[in-house]
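These notes are about the structure you will find just below.
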Amino acid sequence: MELLNEIWQTARRNKLRTALTGFAVAWGIFMLIVLLGAGNGLINANLKQTDRFLSNSMVVFGSETSMPYQGMKEGRWIHLKERDIDITDQEFQAIVDEVGAQYFTSGTISNGPQYLNSSIAGVYPNHIKIDKVEMLQGRFINDIDIKEKRKVLVISNKQAKELMTRVGQYVKVGDFAFMVVGIYKEQENGRANMFSSYSAIKSIYGSGSDDAGRIEFTFHGLETGAQNDAFEKDYRQRLNLAHQVHPEDESAIYLWNRYTQNMQMQQGISIIRKALWIVGLFTLLSGIVGVSNIMLITVKERTHEFGIRKAIGAKPWSILKLIIIESIIITTIFGYVGMILGIAANEYLDATIGHTKVDAGLFKATMFLDPTVGLDVCFEATMVMIIAGTIAGLIPALKASRIRPIEALRAE
């Protein structure tokens, strides 16, 4: 107790020095926690976007050719055909699991006086797995719907509320009556489609054409970037051949490969995490250097005092203990303050920026989500600072404890 009182009196006599030491400690902890929290906020938001889809899936779009071929100029628009679905399903069985397609239309959907405008996607049953549709009531599109071209609808919970309808009721889509067979959970960051059977939407709105819309499928066995690139090249060349497109033209057929997208995302996240830790640790190091410098100055200023202590019989250990405990107490208190302020700053970011959404065209994306740092990281960072502060105080303390009284008394 006497020792603590002595440290308190010393801190009161040297308020500026104590404040500077504490600021160096608190700032290092604060910046590390804020940097890691902000980085985690960006990472979590991106992970939420990529987690909306099944990773081992691809979506295939028709696009414009960029190379002339067999007397035809570049700039032709390629529309995927129903034969492309057969090619995908039959010629790539070694890798492709389930093949489906999407055919889009839009219109006014009404239930008595209630109505809304929405896009309707004609899909296969595997779409619920590929786009991770979460059902709340009823069911999704099934194989019988496809086979019998049933006019069925799966709508979002918000659309059901707006139309004041429920599972089992009929609504009008243009001039046709569709039965609502399921209600799914609308994602907060998405623009909700209604879903129907691919065959029904294609037969009603396809105008007799064999356009397939978009092809989507799941796959297996593509574990590396090289394997994915090789498959994409073979698959694109096969579809190019079916549409009389140059085999090397990579613009005519667009492949949205969710697996390689996830791989790239994970690599980017790994780089961001490493960069944040490097910057954070250097910030922490600046706090450690600040503590070390101030402790050195402290010992030098108190050399005369230490000489008097030794002259009246104080042992080296008592001086050593005094400096070390003072360093530990200051580092612990201000390290805790820095930790609390860092957590508070992250909570503020979560309450403000964390609720901001950016319109990304097809969906609204949250760019900042849950910018928090685990308590283990907070305590570990604080403990690192405490240990570093102790070591920083130990080095000058050892020097002070070994100085001879006569030399200490001569010090100015």
Side-chain angles (χ1 to χ4, degrees), residues 47-61 80 82 84-85 88-89 92-93 95-106 109 116 118-163 165-171 173 178-205 212-220 222 255-259 261-262 362-365:
L47 286 176
K48 185 176 181 180
Q49 296 304 321
T50 57
D51 193 50
R52 294 175 64 238
F53 310 107
L54 187 69
S55 60
N56 59 318
S57 64
M58 294 190 197
V59 180
V60 189
F61 304 80
L80 296 178
E82 291 184 358
D84 296 320
I85 300 177
T88 306
D89 189 27
F92 294 91
Q93 291 181 352
I95 291 173
V96 173
D97 294 323
E98 295 181 77
V99 181
Q102 305 173 17
Y103 198 92
F104 286 90
T105 187
S106 60
I109 298 87
L116 59 83
S118 175
S119 61
I120 303 173
V123 296
Y124 279 71
N126 66 338
H127 183 80
I128 188 175
K129 181 165 60 176
I130 291 176
D131 269 22
K132 296 186 177 180
V133 180
E134 182 182 346
M135 297 300 298
L136 298 176
Q137 298 176 33
R139 63 173 178 83
F140 197 68
I141 307 303
N142 60 29
D143 292 325
I144 299 176
D145 295 330
I146 300 293
K147 183 178 179 180
E148 297 183 0
K149 300 182 180 180
R150 286 178 174 175
K151 298 180 182 66
V152 293
L153 274 184
V154 178
I155 63 179
S156 76
N157 54 329
K158 293 181 181 179
Q159 291 168 338
K161 184 177 181 181
E162 192 170 348
L163 288 172
T165 187
R166 61 180 184 273
V167 173
Q169 282 192 329
Y170 282 88
V171 295
V173 179
F178 280 65
M179 176 186 282
V180 176
V181 295
I183 297 174
Y184 72 94
K185 183 179 180 180
E186 182 175 327
Q187 295 186 6
E188 293 182 3
N189 58 349
R191 288 184 177 174
N193 293 317
M194 293 185 176
F195 300 108
S196 185
S197 65
Y198 178 85
S199 55
I201 298 299
K202 182 74 166 47
S203 63
I204 296 172
Y205 301 100
R214 302 174 181 176
I215 299 173
E216 58 182 355
F217 59 87
T218 57
F219 61 87
H220 67 276
L222 304 179
L255 300 180
W256 180 9
N257 188 335
R258 274 78 176 265
Y259 190 84
Q261 182 185 39
N262 279 359
L362 293 176
F363 54 88
K364 290 183 179 180

task = Look at the side chain of T218 and the backbone N and O of E98, then say whether any donor-acceptor pair between them is shorter than 3.5 Å.
result = yes

message = Before we go on, tell me: are the rings of F195 and F140 under 6.0 Å apart, centre to centre?
response = yes

message = To the nearest 0.5 Å, what is the distance between CG on N56 and CG on N257?
response = 9.5 Å

ask   = How many angstroms lie between atom CD1 of I130 and atom CD1 of I128, to the nearest 0.5 angstrom?
value = 11.5 Å

task = Hey, can you tell me if Y198 and Y124 have their rings parallel, tilted or perpendicular (30° and 60° cut-offs)?
result = tilted

key: Closest contact, heavy atoms only, F104 versus A121   = CE2-CB, 3.5 Å

message = Strictly distance-based, threshold 3.5 Å: is any side-chain N or O of S196 a donor or acceptor partner for the main-chain N or O of V152?
response = yes

Audit row: I183, I155, side-chain contact (heavy atoms from CB on, under 4.5 Å) steps and yes/no = CA-CA 5 Å; I183 297 174; I155 63 179; 4.2 Å; yes

ask   = Any side-chain heavy atom of M194 sitting closer than 4.5 Å to one from I109?
value = yes

query = Got M135 and V154 here, is their nearest side-chain heavy-atom distance under 4.5 Å?
reply = yes

request  = Would you mind reporting whether V180 and Q159 have side-chain heavy atoms less than 4.5 Å apart?
outcome  = no

ask   = Which word best sums up how the rings of W256 and F53 line up, parallel for under 30°, tilted for 30 to 60°, or perpendicular for over 60°?
value = perpendicular

key: Test item: N142 side-chain N/O and I144 main-chain N/O as donor-acceptor pair under 3.5 Å   = yes

task = State plainly whether the residues R139 and D145 are in salt-bridge range, i.e. N to O under 4.0 Å.
result = yes

query = side-chain contact (heavy atoms from CB on, under 4.5 Å) between Y205 and V173: does it pass, once the steps are laid out?
reply = CA-CA 12 Å; Y205 301 100; V173 179; 3.6 Å; yes

S55 to N262 - nearest heavy-atom pair and separation = CB-ND2, 3.0 Å

query = Would you say the side chain of I204 lies within less than 4.5 Å of the side chain of K151, judging by non-hydrogen atoms?
reply = yes

inquiry  = With rounding to the nearest 0.5 angstrom, report the CG to CG distance, N126 to D143.
reply    = 9.5 Å

message = On a heavy-atom basis, which atom in R258 and which in L54 lie closest, and how many Å separate them?
response = CB-O, 3.5 Å

message = Using a 6.0 Å cut-off, check whether atom NZ of K185 has over 12 heavy atoms from anything other than its own residue.
response = no

note = Scanning both residues in full, the closest heavy-atom pair of I146 with P125 reads CG1-CD, 3.9 Å

is_close_aromatic(F217, F92), centroid dist under 6.0 Å = no

ask   = Between atom CG of L163 and atom NZ of K158, what is the distance when rounded to the nearest 0.5 Å?
value = 14.5 Å

ask   = Where do K129 and D97 land on the side-chain contact (heavy atoms from CB on, under 4.5 Å) test, with the steps shown first?
value = CA-CA 12 Å; K129 181 165 60 176; D97 294 323; over 6 Å; no

inquiry  = Between R150 and S197, is there a side-chain donor-acceptor contact under 3.5 Å, judged purely by atom types and distance?
reply    = no

inquiry  = Any donor-acceptor pair under 3.5 Å linking the side-chain atoms of Q102 with those of E216?
reply    = yes

key: Polar side-chain atom of Y103 near backbone of S203 as donor-acceptor pair, under 3.5 Å   = no

task = Please indicate whether Y170 has more than 12 foreign heavy atoms, meaning atoms of other residues, nucleotides or ligands, lying under 6.0 Å from its OH.
result = no

ask   = Is V59 close to I215 at the side-chain level, that is, under 4.5 Å between some pair of heavy atoms?
value = no

